[in-house]
Amino acid sequence: TEVDSIFFTRNEEAGYWSTIILNNSTNANKLEFCRIEYGNKIDNFNGNMWYDMSGSISSLKSKGTIKNCFVGNNNINGVHIEAWASSNMLVIKNSKIFNNNFGIYSTLVNNSNYDTLYCNNEFKFNSIGIRVSSNGHFNGVIANNLFQYNGTGISCNEGNFIIYNNDISNNSFGITL
């Protein structure tokens, strides 16, 4: 519950730990009522491929839900989604994503299809609230979120996103496409 949250944080006054990895999972992963802070990144070698795990939560070809969480104060990105698979869905809702490089950084490679839903979240003090970079078919909904005090609220260079009913204010840039 919110009162009884699970903490993922550093052990000392300074420094960062690594990342929570959701790796190639077809099961519905769930992170609920978690406080995830002071994470970093790792470069993960898997077979002949390098995967960039650059979020305190890094999702590689996985589906799941991040709900009612605080994700903040991380050395790099709050959540990094690297999608290579078809018919996967990641939902992030009712969460506070503060003081990261990118709040959520989504990358899609190899012309895969991937669906995302980001709703009812707060994004504050990130360089970019949500950053989507794609060379495939990234479908998603960004709805009912609050974007304040970020460098850019939402940045999408490709993909098929429906963006509606967001409060985007007091950022250097609102939406860049």
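- Looking only at side-chain heavy atoms (C-beta outward), C34 and F8 come within less than 4.5 Å of each other.
- Between D167 and S169, the side chains place a donor N or O and an acceptor N or O closer than 3.5 Å (distance only, hydrogens not considered).
- Residues S62 and L22 share a closest heavy-atom pair of OG-O, 3.0 Å.
- Here the straight-line distance linking atom OG of S54 with atom CG of N77 works out to 4.5 Å at 0.5 Å rounding.
- With rounding to the nearest 0.5 Å, the separation of CD in E37 from SG in C69 is 12.0 Å.
- At a threshold of 4.5 Å between non-hydrogen side-chain atoms, the residues K124 and L146 count as touching.
- Between the side chain of W17 and the main chain of Y38, a donor-acceptor pair closer than 3.5 Å is present.
- Taken to the nearest 0.5 Å, the CE atom of M53 stands 4.5 Å off from the CD1 atom of I21.
- For the pair I175 and I163, the minimum side-chain heavy-atom distance is below 4.5 Å.
- The same ILVMFWY cluster, assembled from side-chain heavy atoms under 4.5 Å apart, contains both I97 and L90.
- Here the side chains of I104 and F123 are in contact, with some heavy-atom distance below 4.5 Å.
- Both I142 and I92 sit in one connected hydrophobic cluster of ILVMFWY residues. Membership requires side-chain heavy atoms under 4.5 Å apart, directly or through other members.
- Remark: side-chain polar atoms of N145 are paired, donor with acceptor, to backbone N or O of Y118 under 3.5 angstrom.
- Taking the six-membered ring for Trp and thresholds of 30 and 60 degrees, F125 and F98 have ring planes more than 60 degrees apart, a perpendicular arrangement.
- For N100 and N126, the side-chain atoms include at least one donor-acceptor pair closer than 3.5 Å.
- Under the 3.5 Å distance criterion, the side-chain polar atoms of S95 are left unmatched by any main-chain donor or acceptor of F70.
- Note that the CD atom of E32 and the CD1 atom of I66 stand 11.0 Å from one another [nearest 0.5 Å].
- Between the side chain of T9 and the backbone N or O of F7, no donor-acceptor pair lies under 3.5 Å.
- Checked by atom type and distance alone, the side chain of N121 pairs as donor or acceptor with a backbone atom of N94 at under 3.5 Å.
- Side-chain atoms of T176 and S155 include a donor-acceptor pair closer than 3.5 Å.
- Taking the side chain as every heavy atom from C-beta outward, I36 and I20 approach each other to under 4.5 Å.
- Note: S59 OG to I81 CD1 = 6.0 Å, rounded to the nearest 0.5 Å.
- For N171 (side chain) and N150 (main-chain N/O), a donor-acceptor pair under 3.5 Å exists by modelled atom type.
- The shortest heavy-atom contact between G78 and S56 is O-OG, 2.7 Å.
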### Task
Test N157 against S133 for side chain to side chain contact (heavy atoms under 4.5 Å, CB included), laying out the working first.
CA-CA 6 Å; N157 75 334; S133 177; 3.9 Å; yes
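- The closest donor-acceptor contact from the side chain of N29 to the backbone of K63 lies under 3.5 Å.
- Residues Y105 and T107 meet the side-chain proximity criterion, which asks for heavy atoms closer than 4.5 Å.
- A donor-acceptor contact shorter than 3.5 Å links the side chain of R10 to the backbone of G15.
- Checking S127 against N101 by side-chain atom types alone, a donor-acceptor pair falls below 3.5 Å.
- Taking CG of L31 as the start and CD1 of I57 as the end, the distance is 5.0 Å to the nearest 0.5 Å.
- Side-chain N/O atoms of T19 and S58 include a donor and acceptor closer than 3.5 Å.
- With hydrophobic clusters built from ILVMFWY side chains whose heavy atoms lie under 4.5 angstrom apart, I154 shares a cluster with L177.
- For the pair F147 and N166, the minimum side-chain heavy-atom distance is below 4.5 Å.
- Within the 4.5 Å cutoff, no side-chain heavy atoms of V91 are placed close to those of T116.
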